[in-house]
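Okay, so here's the structure we're looking at.
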Protein chains: 2
Amino acid sequence: MEHLQPVRSLVDRVYDSLLDAICTGEMKPGDRLAQDEIAARLGVSRQPVNSAIAMLKAQRFVTERPRRGVEVAPVDRDLFQSIYQVRGALEPLAVQLATPRLTPGTIARGRDAVAAGMEAMQAGDAAAVLRADIAFHTFLYDLSGNRILADTMRLNWQHLRRSMGEVLRFPGMTAQVWKEHGRIFEAMVRGEAGEAAQAMRAHILDAAQRVQLRPADGGQADTDG
Amino acid sequence: MEHLQPVRSLVDRVYDSLLDAICTGEMKPGDRLAQDEIAARLGVSRQPVNSAIAMLKAQRFVTERPRRGVEVAPVDRDLFQSIYQVRGALEPLAVQLATPRLTPGTIARGRDAVAAGMEAMQAGDAAAVLRADIAFHTFLYDLSGNRILADTMRLNWQHLRRSMGEVLRFPGMTAQVWKEHGRIFEAMVRGEAGEAAQAMRAHILDAAQRVQLRPADGGQADTDG
DNA sequence: ATGCCGTATTTCGTATACGAAATGCGAAAC
DNA sequence: GTTTCGCATTTCGTATACGAAATACGGCAT
């Protein structure tokens with residue numbers, strides 16, 4: 001008999017629901033968050049909605065506009081660039097820290113994560129590719145054992161998700177990205193922490209260069225990993 | 001006639017009040033956060049207290065314990081080490097990004113920040129030293145123009161504050177720390193971004209090595225910058 | 001003395017109420 | 001036609017109420 005799982009609070013559930021709507025683009029930058037409307041739609045009272053919005057505000061997913069209330073925060077080039085600069089610093093650190101912590105079990109899981117991404121890419125499933133991308137990197141953060149890094153990057157990936165939803169599309173997913181993931185991970189498996197970290201850094205910087213923000217009329221671009 | 005400043009919500013004010021109590025050590029790790037008591041003490045109703053606690057929980061300043069409610073999160077060696085590892089990656093990035101953005105005005109402000117820290121150190125005022133330390137680094141983050149980095153490190157400094165409050169004392173503040181700050185900043189002023197970033201990285205790694213966690217009976221240690 | 005049960009109390013998530021502030025709309029004045 | 005003002009409506013911060021769950025305590029049975 002297992003422990004009974006605690007029921008998650010309505011605040012947490014509303015938060016997740018709103019965050020998901022924001023990150024998938026269901027709610028666009030500039031959209032107002034009307035508490036009454038959200039409460040009615042989710043079938044809860046306004047209070048947990050109010051609390052959830054406060055949390056989203058603290059994390060900058062939404063922003064307060066004078067005389068306009070709370071709206072979904074804008075996505076701009078700066079945000080994207082800022083995240084990639086930070087990734088360029090933190091992802092190599094994650095790789096460096098994770099490498100000596102690999103075990104047979106986690107090696108298998110890492111290879112599975114890379115393979116899953118490759119499959120999703122070949123299937124042309126953009127949402128699955130993004131999920132696989134996040135899963136692979138999150139796996140590395142967790143393996144690093146550095147919870148500040150993991151928490152930071154988890155939050156950053158949420159911002160990335162919405163950047164991609166608003167700014168980018170996934171028409172041109174490339175095998176190169178997943179091959180690079182594979183190479184980085186195999187360098188880790190061989191114990192070459194420095195090489196792997198350098199390769200990850202190059203991979204992120206390269207991705208930052210390659211990603212194009214969508215022009216107003218909807219250009220297309222390769223994504224990153 | 002200026003814009004009237006918006007009144008800050010009670011949720012925000014309660015959040016700040018609690019965060020300060022946690023970071024200064026007024027509330028210790030393991031202390032329970034009783035909503036009724038906090039509400040009574042701050043003279044507000046429970047609802048904004050409940051919201052503020054949810055935000056603190058999301059940022060891991062407090063943690064939920066089964067059958068015990070919400071308590072101040074523990075401070076341990078891992079947390080400290082995690083923060084320093086992340087600092088080792090992000091502070092050099094901040095320096096790198098900030099260096100080409102220096103202006104005569106910000107140069108003067110940076111020098112003032114270093115001088116203020118030196119003064120506080122010489123006055124033996126531990127709290128002022130910590131404030132000056134935070135101010136100097138925060139100045140660099142803001143100057144970097146990368147808001148993800150700035151937000152991340154602001155949050156990390158709050159965790160550091162409470163780590164220091166719980167784990168460390170400030171008996172041995174050294175001139176060396178502030179001299180290094182000065183050297184790093186002057187390298188930036190000369191436009192040597194790479195040198196300055198390397199020096200900052202070395203400074204952080206050195207600090208991480210030098211900082212000792214307080215033994216149970218209250219040892220003493222030098223702090224960092 | 002110990003364990004169990006019933007009851008009272010405490011705590012907290014969330015619904016609801018209240019009131020302040022912001023917004024919208026129509027009518028009157030110019 | 002345009003501007004201003006008064007009133008109605010909407011929105012949201014926060015206080016209060018309600019009810020569920022957890023905890024504490026006293027009494028009774030073994």
Side-chain angles (χ1 to χ4, degrees), chain A residues 1-22 26-73, chain B residues 1-22 26-73:
Chain A
M1 181 173 290
E2 307 190 325
H3 274 240
L4 293 181
Q5 289 299 319
V7 177
R8 291 176 69 235
S9 68
L10 284 186
V11 174
D12 285 344
R13 292 163 70 188
V14 171
Y15 168 88
D16 283 349
S17 188
L18 289 177
L19 183 57
D20 202 57
I22 288 167
E26 184 184 331
M27 295 181 72
K28 305 286 186 201
D31 284 0
R32 278 201 67 246
L33 279 79
Q35 295 187 7
D36 269 345
E37 191 183 305
I38 291 164
R41 191 177 304 174
L42 297 180
V44 298
S45 73
R46 259 197 326 99
Q47 198 269 330
V49 173
N50 177 275
S51 279
I53 287 174
M55 285 162 67
L56 289 165
K57 193 164 53 170
Q59 294 179 334
R60 302 197 191 258
F61 290 109
V62 301
T63 185
E64 200 148 358
R65 287 277 300 279
R67 292 175 299 282
R68 179 167 160 78
V70 173
E71 65 182 30
V72 177
Chain B
M1 183 172 288
E2 308 192 324
H3 274 239
L4 294 181
Q5 290 299 319
V7 177
R8 293 176 67 234
S9 70
L10 284 187
V11 174
D12 285 344
R13 292 163 70 190
V14 171
Y15 169 88
D16 284 347
S17 187
L18 289 178
L19 183 58
D20 204 58
I22 288 166
E26 183 184 331
M27 296 179 73
K28 305 285 185 202
D31 284 1
R32 277 202 67 244
L33 280 78
Q35 297 187 4
D36 268 345
E37 192 181 304
I38 291 163
R41 191 177 306 176
L42 298 180
V44 298
S45 72
R46 261 201 316 105
Q47 198 270 331
V49 174
N50 176 274
S51 279
I53 286 173
M55 285 161 67
L56 289 166
K57 195 164 54 169
Q59 295 178 333
R60 302 198 189 259
F61 290 108
V62 301
T63 185
E64 199 148 358
R65 289 275 304 277
R67 292 176 298 282
R68 182 168 160 74
V70 173
E71 64 183 30
V72 177

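A note on names: the letters A, B, ... follow the listed sequences, proteins ahead of strands, and every chain is numbered from 1.
- The environment of CZ in A:Arg32 is crowded: more than 12 heavy-atom neighbours from other residues, nucleotides or ligands sit within 6.0 Å.
- With sequence neighbours left out, the side-chain contact (heavy atoms from CB on, under 4.5 Å) criterion links B:Leu10 to B:Arg13, B:Val44, B:Pro48.
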- When every nucleotide of nucleotides 14-21 of chain C is labelled 5' to 3' by its protein contacts under 4.0 Å (heavy atoms), B for base, S for sugar-phosphate only, - for none, what sequence of letters results? BBBB----
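- Residue A:Arg41 qualifies as open at atom CZ: its count of foreign heavy atoms under 6.0 Å is 12 or below.
- For B:Gln35 and D:dA22, the CD to P distance is 16 Å, given to the nearest whole Å.
- To the nearest angstrom, P of D:dT11 lies 18 Å from CZ of A:Arg65.
- As judged by a 4.0 angstrom heavy-atom cut-off over every strand, B:Leu33 is placed among residues touching the sugar-phosphate backbone only.
- At the heavy-atom level, A:Arg13 lies nowhere under 4.0 Å from the strands shown.
- Distance, B:Arg32 CZ to D:dA22 P: 14 Å, rounded to whole Å.
- With rounding to whole Å, A:Ile38 atom CD1 is found 18 Å from D:dT10 atom P.
- Closest non-hydrogen pair, A:Ala52 versus A:Val11, comes out as CB-O, 3.8 Å.
- A straight line from CD of A:Glu71 to C1' of D:dT11 spans 16 Å, rounded to a whole angstrom.
- Put simply, the side chain of A:Asp31 gets close to the backbone of A:Lys28: a donor and an acceptor are under 3.5 Å apart.
- Contact record, A:Ala54 with B:Met55: CB-SD, 4.1 Å, taken as the closest heavy-atom pair.
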